[in-house]
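To find a chain, count down the sequence lines: A is the first, B the second, and so on, and within it residues start at 1. Keep in mind that this is a model prediction, so the values were computed, not measured.
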Amino acid sequence: MLDSKIVRENPEAVAEQLVKKNYIFPVARFNELEALRRDAQILTENLQNERNTRSKSIGKAKAAGEDIQPLLAEVENLGGQLDEAKSKLNDIASDLDDLLLGVPNLPDESVPAGLSEDDNVEIRRWGTPPEMAFDPLDHVALGEQNGGLDFETAAKLTGSRFAVMTGKMARLHRALIQFMLDVQTTEHGYTEAYVPYLVNEDSLKGTGQLPKFGEDLFKVPFGDRQYYLIPTAEVPVTNMVRDEIVDADKLPLKFTAHTPCFRSEAGASGKDTRGMIRQHQFEKVEMVQIVEPSTSWDTLETMILHAETILQKLKLPYRVVALCGGDLGFGAAKTYDLEVWLPGQDKYREISSVSNMTDFQARRLKARWRNPETGKPELLHTLNGSGLAVGRTLVAVLENYQTADGRIIVPDVLVPYMGGITEL
RNA sequence: GGAGGGGUGGCUGAGUGGUCGAAAGCACCGGUCUUGAAAACCGACGAGUCGUAAGGCUCCCAGGGUUCGAAUCCCUGCCCCUCCGCCA
């Protein structure tokens with residue numbers, strides 16, 4: 001959520017910045033609601049003030065043993081007026097709230113202009129796509145050839161966009177998870193977190209998935225409530241600081257968590273239907289940092305390096321791109337994507353996304369820290385990034401480490417996690 | 001699942017219908033003292049929001065209700081603790 005003060009002071013400027021994000025901010029509608037809100041609020045608060053004052057004097061009169069009947073008669077119809085004013089104010093406030101909750105975060109100045117991923121800007125490349133003296137197979141074909149990767153059985157168990165892995169393939173998948181967690185905890189100073197995979201609505205509002213993107217979530221009814229399967233560990237992990245005031249000396253908070261992620265991908269039918277690029281359920285190792293605002297931009301740069309480290313250790317070629325305005329997520333002020341080389345597709349594909357959400361989530365979360373300089377609670381900045389998407393990393397390993405005779409070599413760094421197995 | 005007890009400011013904790021946004025203590029901050037520190041003493045000290053300002057308003061888990069007036073009474077829900085039962 002944006003700072004309503006800033007929006008109020010200069011809605012045109014906000015609208016202008018959001019154009020970059022391909023979002024039309026309804027300035028006229030906002031101004032109209034804002035004016036209504038102001039009037040209604042002033043009226044309501046005046047009435048409340050009157051009620052409070054009169055009630056107090058009734059209390060005094062009663063304590064002094066005076067007759068309070070005439071005073072009671074005076075306040076007779078105050079209640080009705082107040083109820084009416086309140087309900088009017090509530091209606092307006094909730095309209096305004098709905099509007100504001102649907103407004104994305106402002107993009108940072110450094111975010112490139114553009115509408116689609118075609119306008120993303122490449123920042124750097126690492127490694128060289130392997131020269132293969134044969135036609136590389138994609139991971140689906142490799143899975144069929146080697147066994148252990150089975151989409152048909154998964155479709156029987158559940159439906160499309162799920163996978164069953166068995167044997168060495170399943171182990172390789174698990175090895176990747178352990179490897180990633182170990183790197184992030186021992187080399188980059190993250191604290192490992194285990195978190196719930198089902199969360200409540202407040203948590204999803206806090207990180208910005210709700211109210212706007214409910215159709216991408218799997219809902220789980222529970223009694224008369226509604227839980228949701230997490231679409232990313234960002235949700236439970238970032239929400240750990242919801243409604244908290246964090247001591248300055250505890251910052252930055254750095255968490256990493258391995259969780260499954262569940263996405264209904266309502267808007268993506270037809271995209272990447274083959275293989276495990278886009279699944280309803282996938283594993284991810286997530287990095288989250290909760291930082292004091294002055295450091296969040298530096299933190300963004302180090303976090304993308306933390307994600308890159310994994311690919312470097314796996315010797316997988318990749319490139320880093322800065323997302324253009326139109327491709328930025330709802331809550332992100334700036335995002336770097338990490339794209340790994342996939343020989344089977346002959347192109348780079350997203351494997352990680354690292355974002356600075358600035359104070360956008362923190363405001364919704366009421367996640368604050370006490371600034372020693374001011375002594376006051378102030379909003380934190382939140383960042384998150386994949387480190388990395390496990391399924392897609394598995395795909396990258398399979399495709400990049402395939403041999404002409406159909407074997408798959410286990411990357412060196414994973415061998416210890418494979419119990420010494422060196423190929424599939 | 002059964003039976004009880006609770007949820008109050010950064011923390012501990014008092015408050016059971018009216019000058020209570022809330023005692024007290026701790027922590028934090030400013031000061032006195034000190035070579036410096038500690039101790040002691042003095043002072044300040046919840047958050048959010050509206051308003052140009054003066055000054056309001058809201059918030060004692062959440063949502064309803066009673067009342068002129070609710071932290072306090074009633075209802076519902078959530079969460080925590082203790083005991084019993086069951087259980088991966």
**Report entry** Worked check of ring-ring contact (aromatic ring centres under 6.0 Å, His included) between A:Y197 and A:F262
**Finding:** CA-CA 9 Å; A:Y197 304 154; A:F262 302 91; 7.4 Å; no
Report task. Using the test side chain to side chain contact (heavy atoms under 4.5 Å, CB included), find all partners of A:R29 that sit at least two apart in sequence or belong to another chain. Result -> A:P26, A:E32, A:L33, A:D95, A:L99
**Report entry** Atom CD of A:E12 with >12 non-hydrogen neighbours under 6.0 angstrom
**Finding:** yes
Report task. Taking atom P in both B:C20 and B:C57, compute the distance separating them and give it to the nearest angstrom. Result -> 15 Å
Report summary line: Applying the 3.5 Å cut-off to both distances, the Watson-Crick or G-U partner of B:A70 turns out to be none
Report task. Taking atom C1' in both B:C33 and B:G43, compute the distance separating them and give it to the nearest angstrom. Result -> 15 Å
Query raised in the report: Rounding to the closest angstrom, what is the interatomic distance between B:G56 and B:G51 at atom C1'?
Result: 8 Å
Query raised in the report: If you draw the axis of the six-membered ring of A:Y190, does the NZ or CZ of A:K254 fall within 45° of it and under 6.0 Å from the ring centre?
Result: yes
Requested in this report: Name the nucleic acid region contacted by A:R363, choosing base, sugar-phosphate or nothing; use a 4.0 angstrom heavy-atom cut-off, strictly under.
Outcome: nothing
Query - Pair assignment for B:C59, Watson-Crick or G-U wobble, requiring both distances under 3.5 Å - result: B:G46
Query raised in the report: Between which nucleotides of RNA chain B, read 5' to 3', does contact with chain A run, using atoms under 4.0 Å from its heavy atoms?
Result: B:G10 to B:C79
Query - Integer angstrom distance from the P of B:U35 to that of B:G25 - result: 30 Å
Query - Rounded distance in Å between the P positions of B:C26 and B:C41 - result: 9 Å
**Report entry** Residue matched to B:G4 through Watson-Crick or wobble contacts both under 3.5 angstrom
**Finding:** B:C81
Requested in this report: Name the orientation class of the two ring planes belonging to A:F30 and A:F25 (parallel below 30°, tilted from 30 to 60°, perpendicular beyond 60°).
Outcome: tilted
**Report entry** Of A:F222 and A:G79, the one whose closest RNA chain B nucleotide lies more 5'
**Finding:** A:G79
Report task. Under the side chain to side chain contact (heavy atoms under 4.5 Å, CB included) rule, collect the residues that match up with A:K315, sequence neighbours excluded. Result -> A:Y401, A:D412
Query raised in the report: For B:U12, what is the paired nucleotide under Watson-Crick or G-U wobble rules, both distances under 3.5 Å?
Result: B:A24
Report task. Please state the P separation for the pair B:G15 and B:U8 - nearest whole angstrom. Result -> 14 Å
Query raised in the report: Which whole number of Å gives the distance between the C1' atom of B:C45 and that of B:C29?
Result: 8 Å
Requested in this report: Give me the ring orientation class for A:F162 and A:H280: parallel if the planes are under 30° apart, tilted from 30 to 60°, perpendicular past 60°.
Outcome: tilted
Query raised in the report: In terms of the nearest nucleotide of RNA chain B, which residue is placed more toward the 5' end: A:E34 or A:D224?
Result: A:E34
**Report entry** Span that lies between the C1' atom of B:G69 and that of B:G21, in whole angstrom
**Finding:** 16 Å
